[in-house]
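Side chains included, hydrogens not; waters and symmetry mates left out as well; all remaining heavy atoms used. We name chains A, B, ... by the order of the sequence lines, and we start the count at 1 in each one.
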Number of protein chains: 2
Amino acid sequence: MELHHAILATDVLLFTFRASQLWVRTITVDRPPYFVNMKGFPGGLIKPDENAEAAAIRCLREKAGILSKLFIEQLYAFSEIDRDPRGRVVSVAYLACVPWDDLSELEQVDQDATAWRRVNGLGKLAYDHNEMLNFALEWLKAKAKSTNLLSWLMPKEFTLTELQSCYEQILEVKLDKRNFRKKILQLDLLKLLAKKTAGMKNRPAQLYQFNSKKVTFSGNLI
Amino acid sequence: MELHHAILATDVLLFTFRASQLWVRTITVDRPPYFVNMKGFPGGLIKPDENAEAAAIRCLREKAGILSKLFIEQLYAFSEIDRDPRGRVVSVAYLACVPWDDLSELEQVDQDATAWRRVNGLGKLAYDHNEMLNFALEWLKAKAKSTNLLSWLMPKEFTLTELQSCYEQILEVKLDKRNFRKKILQLDLLKLLAKKTAGMKNRPAQLYQFNSKKVTFSGNLI
DNA sequence: GCAAAAGTGTTAGATATACACCCATGG
DNA sequence: CCATGGGTGTATATCTAACACTTTTGC
């Protein structure tokens with residue numbers, strides 16, 4: 001129908017939270033001109049019979065082995081002419097989140113081609129994936145401040161200290177414990193469970209869960 | 001290099017503010033299957049030697065006759081399979097803003113193929129352009145609340161009543177005059193000019209201008 | 001009993017909201 | 001003098017920010 005202009009692709013930045021750290025799913029990119037174990041985010045071409053989001057979810061499955069239900073939203077379309085050394089490729093990047101304990105053992109484990117890596121200290125990534133990561137981290141900050149997005153990063157049950165730690169990671173600030181608890185509890189996002197942590201070498205902590213995983217504006221949270 | 005998958009295009013929603021109303025630049029789409037004066041937003045294919053934003057600016061020039069310097073930011077990539085009846089076209093939509101009095105007479109005037117139309121009451125548009133408009137209006141709301149974006153919609157000199165009216169249009173709320181003035185003045189975004197309106201049939205109004213047109217977070221404005 | 005993390009309130013300052021009348025101009 | 005839109009202040013409620021000690025458990 002028209003002259004061929006650009007290949008259309010997608011990349012996905014999938015985040016999770018575990019052990020007081022933000023993690024992102026990476027793949028190994030060892031194609032020319034990238035060698036020696038360079039990392040990037042899973043992605044691939046968009047097929048004629050799928051929209052960009054469907055392609056993103058498929059790539060997560062095929063390239064990163066992730067099948068679980070997840071939160072996914074479009075981040076940005078990266079279209080710089082030289083962003084891919086192989087040719088003109090425009091990539092619609094997606095951001096996704098999944099609670100660590102929703103993942104199967106196979107999804108949690110690191111493999112040769114794909115692994116969970118801490119967001120801090122990823123180093124130089126392939127293509128323009130560092131730029132994508134910066135976009136994603138800014139986006140996470142904005143959403144963490146104004147929505148209940150963290151329901152897609154926290155495990156099913158968590159303590160307020162763990163939740164606070166997740167906010168602190170994403171917002172890159174230190175929060176006051178008492179003010180944080182007052183604020184988050186009065187927002188009515190959380191349900192108090194009839195359970196506490198056990199087996200720790202300190203005082204047991206009250207467990208909570210999110211009321212809803214529908215991500216909506218929830219006031220100015222933090 | 002690869003199988004042909006999708007054509008890559010861009011569309012631009014260019015807004016301005018005049019006579020207490022939000023306006024958007026439209027074009028006439030009378031190609032099959034759209035006839036009888038259907039409206040849409042200016043757009044076109046992305047060329048091999050330009051990124052999406054450059055293509056958007058070029059399309060504004062070629063299809064809508066707009067050459068002035070403007071604020072432009074990516075909105076969303078629309079990729080539904082059937083969004084264009086002519087074939088598989090993915091469109092990276094951009095939102096742009098320009099102050100009415102930056103426009104030349106030729107840019108202000110309506111022509112056969114392209115015109116300024118009030119945002120309210122546009123009716124059914126071609127393709128998925130109604131969806132684009134909804135995205136853009138939500139985006140405008142969010143930015144109006146947290147940045148000095150309106151520096152790209154207001155004329156060089158304006159009264160506080162005009163500025164309030166622009167906020168009210170975009171946010172779709174009615175604001176209290178005294179609270180609005182208190183808030184906006186204490187934010188230090190505006191410069192008081194040594195001028196007042198004249199020739200009106202009522203009391204002259206103080207004129208202001210924006211200190212800066214660099215769009216940045218400016219507190220929770222309104 | 002000690003180490004480690006959990007849990008808990010108050011106060012002062014800043015911000016948001018609600019609200020009504022007088023002023024300057026043109027006709 | 002009247003119609004039109006411009007301009008101004010206060011009081012209350014709410015939210016934010018700063019801050020330190022006691023409790024419960026495992027070892």
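- Put simply, NZ on K201(B) is 6 Å from P on dG5(D), counting in whole angstrom units.
- When each of R203(B) and L185(B) is assigned the nucleotide of DNA chain D bearing its nearest heavy atom, the one mapping closer to the 5' terminus is R203(B).
- The environment of K141(A) atom NZ is dense: over 12 non-hydrogen atoms of other residues, nucleotides or ligands sit within 6.0 angstrom.
- The separation between R178(B) atom CZ and dG5(D) atom C1' is 15 Å, rounded to whole Å.
- To the nearest angstrom, P of dA18(D) lies 17 Å from NZ of K177(A).
- Across all strands shown, T161(B) has heavy atoms under 4.0 Å from sugar-phosphate atoms exclusively, and none from any base.
- The distance from atom NZ of K196(B) to atom P of dT25(C) is 8 Å, rounded to the nearest whole Å.
- Put simply, CE on M200(B) is 18 Å from C1' on dC23(C), counting in whole angstrom units.
- Rounded to an integer number of Å, the gap from I184(B) CD1 to dT15(C) C1' is 15 Å.
- Where G199(B) and N220(B) each meet DNA chain C at their nearest nucleotide, the meeting point lying more 5' is that of N220(B).
- The side chain of P204(B) sits closest to dT25(C) out of dT25(D), dT8(C), dT25(C).
- In this pair, F135(A) and Y76(A) present their aromatic rings tilted. The plane angle is within the 30 to 60° band.
- Here the C1' atom of nucleotide dA6(C) and the CD atom of E162(A) are 12 Å apart, to the nearest Å.
- Screening R18(B), K156(B), K69(B) for a salt bridge (Lys or Arg N to Asp or Glu O under 4.0 Å) involving D102(B) leaves a single residue, K156(B).
- Rounded to a whole Å, the NZ atom of K182(B) is 15 Å from the P atom of dA14(C).
- Under a cut-off of 6.0 angstrom, the local environment of CG in L192(A) is crowded, with over 12 non-hydrogen atoms contributed by other residues, nucleotides or ligands.
- Each of D176(A) and N202(B) was assigned the nucleotide of DNA chain D with the nearest heavy atom; the assignment lying further toward the 5' end belongs to N202(B).
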